[in-house]
Amino acid sequence: MVVSTKDKKKFIFVVGSTASGKSSWALNQAQRLGGSIVNIDSVQFYKGLEVGSAAPTLDEMNLVPHYLYSFVEAPHEMTAGVFLRRFYELIEKGTLRFPVFVVGGTGFYIQALEKGMYDLEPASLEYRQEIERELKEHGPEMLHAELTAADPEHIIHVNDHYRLVRAIEILRQSGETPAQLKAKSQMQQNKNAFPFSYLKVGFSLPKEQARHRVETRTVQMIENGIIEETESFLKRGFQEWAPLSSVGYKDVVDFLIHNKSKQELVSNIVTSTMQLIKKQKTWFKRDSSILWSDLSNEKLLEMQRRLDLFLTDIDPATRAK
RNA sequence: GGCCAGGUAGCUCAGUCGGUAGAGCAGAGGACUGAAAAUCCUUGUGUCGGCGGUUCAAUUCCGUCUCUGGCCA
């Protein structure tokens with residue numbers, strides 16, 4: 001049974017590490033198939049961080065409809081929950097042209113989209129502030145002990161303050177541990193999981209090839225104004241804004257404050273970016289459902305073939321819903 | 001040419017009152033459910049510049065050579 005491409009909402013998740021060529025592949029495919037592109041990169045959501053996050057250019061966005069790029073303004077910050085809401089709004093409103101390419105390297109958001117998140121009220125600020133006060137006054141050991149008392153099996157390290165605070169916040173607010181919530185959501189058969197048919201493809205390059213691309217890209221970013229982007233936020237008093245501590249921007253902040261040389265800036269950005277690539281690879285390694293490609297013609301052709309099979313519904317490996 | 005500092009992990013440097021050495025960064029591996037490009041965990045054998053000498057034992061003391069930086073000629 002062959003179903004026409006237009007009858008079904010089909011999504012292609014294009015994941016992998018930064019500078020691997022996933023955006024341009026997605027652009028080409030979306031153009032070829034008359035689809036659209038949705039961002040799932042945690043920095044490209046922000047307005048004013050386009051250069052340093054290697055967001056698509058205006059010219060590229062004119063070729064194919066792009067969504068969820070450059071729409072969060074400082075001092076607002078994005079969360080996975082907000083992302084999901086915006087994403088499903090786009091589908092409900094019928095603005096998306098299919099097939100939809102969901103492009104980005106932020107594993108956490110991709111996971112949130114695929115598996116859904118816990119059914120929780122948005123965290124109330126009072127709990128958070130109280131927990132952070134306790135952390136500051138007594139150190140992390142007390143909070144860690146509180147979590148261990150509720151869930152002896154948890155794997156959150158004492159030093160991982162962020163996860164510790166979040167776990168306690170969940171515990172106090174809902175009365176349940178993160179592990180219990182996880183078990184519960186599995187019992188409900190992932191009712192929050194992504195309800196549409198999707199194919200997941202990934203891009204990954206050999207380390208030296210990646211480094212070479214990162215080096216040229218970094219020099220271009222400086223020419224294209226990553227320093228000016230950063231300065232403009234600092235001038236407006238947003239130095240504490242979380243996205244400024246992301247790869248590249250944190251290095252520019254350091255360059256500006258400590259008056260470093262541009263040569264040093266380039267090498268710092270390259271190092272940070274290579275570290276990001278490594279972390280992204282670690283994240284995606286455990287996901288065996290990703291179909292991988294590099295930039296070789298052979299692999300690209302194979303990937304396109306699999307994409308076309310997926311879209312015509314005759315690929316048995318496809319996880320149709 | 002003379003004097004003074006230095007030459008210790010890929011880099012920046014500690015240290016050994018003589019018993020073959022350790023931090024930070026980089027690198028490698030990993031975790032990850034509403035900040036995630038963030039946060040956190042694990043991981044350190046290197047002719048301690050070369051060659052001699054003293055010593056049971058030298059990277060450590062002595063001599064000499066060499067290289068780097070500074071000052072004086």
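Here is how names work: the chains are called A, B, and so on, in the same order as the sequence lines, proteins then strands, and each is numbered from 1.
- Atom CG of A:D251 is separated from atom C1' of B:rA26 by 14 Å (rounded to the nearest Å).
- Between the C1' atom of B:rG29 and the CZ atom of A:R286 lies a distance of 15 Å, rounded to the nearest Å.
- Of the nucleotides present, B:rA5 is the one that pairs with B:rU68 by Watson-Crick or G-U wobble criteria, both distances under 3.5 Å.
- Across the protein-nucleic acid pair, A:F284 atom CZ and B:rA31 atom P stand 13 Å apart, rounded to whole Å.
- A gap of 10 Å separates the C1' atoms of B:rG22 and B:rA9, to the nearest Å.
- Counting only heavy atoms from C-beta on, A:T271 has its side chain closest to B:rG27 among B:rU33, B:rG27, B:rG30.
- In terms of phosphate contacts, A:K207 brings a side-chain nitrogen or oxygen within less than 4.0 Å of OP1 or OP2 of B:rA28.
- The same atom, C1', is picked in B:rG49 and in B:rG69; the two are 16 Å apart, to the nearest Å.
- A donor atom on one side chain and an acceptor atom on the other are found under 3.5 Å apart for A:K200 and A:S289.
- For A:E134 and A:R172, the salt-bridge test passes: some basic side-chain N is under 4.0 Å from an acidic carboxylate O.
- With 3.5 Å as the limit, one finds no donor-acceptor pair spanning the side chains of A:Q220 and A:R217.
- Rounded to the nearest Å, the gap between the C1' atom of B:rC56 and that of B:rG50 is 25 Å.
- Distance noted for atom P between B:rC11 and B:rG27: 15 Å (whole Å).
- B:rA21 sits 14 Å from B:rU60 when the P atoms are compared, rounded to a whole Å.
- The side-chain heavy atoms of A:F203 and A:L300, taken from C-beta on, include a pair separated by under 4.5 Å.
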Please write out the pairs of protein N or O atoms and N or O atoms of nucleotides 9-11 of chain B separated by less than 3.5 Å, giving the distance to one decimal.
none

When you compare the protein's N or O atoms with those of nucleotides 35-39 of chain B, which come within less than 3.5 Å of each other, and at what distance?
| from | atom 1 | to | atom 2 | distance (Å) |
| --- | --- | --- | --- | --- |
| B:rA35 | OP1 | A:Y162 | OH | 3.0 |
| B:rA36 | OP2 | A:Y109 | OH | 2.5 |
| B:rA36 | N1 | A:R163 | NH2 | 2.8 |
| B:rA37 | OP1 | A:S42 | OG | 2.0 |
| B:rA37 | OP1 | A:T106 | OG1 | 2.9 |
| B:rA37 | O2' | A:V247 | N | 3.4 |
| B:rA37 | N7 | A:D41 | OD1 | 3.3 |
| B:rA37 | N6 | A:D41 | OD1 | 3.1 |
| B:rA37 | N6 | A:D41 | OD2 | 3.0 |
| B:rA37 | N6 | A:S53 | O | 3.2 |
| B:rA38 | OP1 | A:K250 | NZ | 3.2 |
| B:rA38 | OP2 | A:K279 | NZ | 2.9 |
| B:rA38 | N1 | A:R163 | NH2 | 3.0 |
| B:rU39 | O2' | A:D160 | OD1 | 2.6 |
| B:rU39 | O2 | A:R163 | NH1 | 2.6 |

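- Under a 4.0 Å N-O distance rule, the pair A:E302/A:R305 qualifies as a salt bridge.
- In this structure B:rA36 sits in no base pair that meets the Watson-Crick or G-U test at under 3.5 Å.
- Between A:K182 atom NZ and B:rU33 atom P the separation is 7 Å, expressed in whole Å.
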Would you check, one step at a time, whether the test side chain to side chain contact (heavy atoms under 4.5 Å, CB included) holds for A:Y46 with A:H76? CA-CA 9 Å; A:Y46 294 102; A:H76 295 291; over 6 Å; no
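- For A:Q275 and B:rG27, the shortest distance from a side-chain N or O to OP1 or OP2 is below 4.0 Å.
- The aromatic ring centroids of A:F11 and A:F98 lie less than 6.0 Å from each other.
- We find that CD of A:Q173 is positioned 15 Å from C1' of B:rU33, with the value rounded to whole Å.
- Pairing partner, B:rC11: B:rG24, with both Watson-Crick or wobble hydrogen-bond distances short of 3.5 Å.
- With both ends at atom C1', the span from B:rG19 to B:rG24 equals 28 Å, rounded to whole Å.
- Between the side chain of A:K278 and the base of B:rG27, no donor-acceptor pair under 3.5 Å is found.
- For B:rG63, the paired nucleotide is B:rC51, the pair qualifying as Watson-Crick or G-U wobble because both relevant distances are below 3.5 Å.
- Remark: the separation of the C1' atoms in B:rC32 and B:rA37 is 15 Å, to the nearest Å.
- Checking A:Y69 against A:E50 by side-chain atom types alone, no donor-acceptor pair falls below 3.5 Å.
- Using cut-offs of 30° and 60° for the angle between ring planes, the A:H154 and A:H144 rings count as perpendicular.
- The P atoms of B:rC17 and B:rA58 are separated by 16 Å, rounded to the nearest whole Å.
- A donor-acceptor pair under 3.5 Å is absent between the side-chain atoms of A:S246 and the main chain of A:A242, judged by distance alone.
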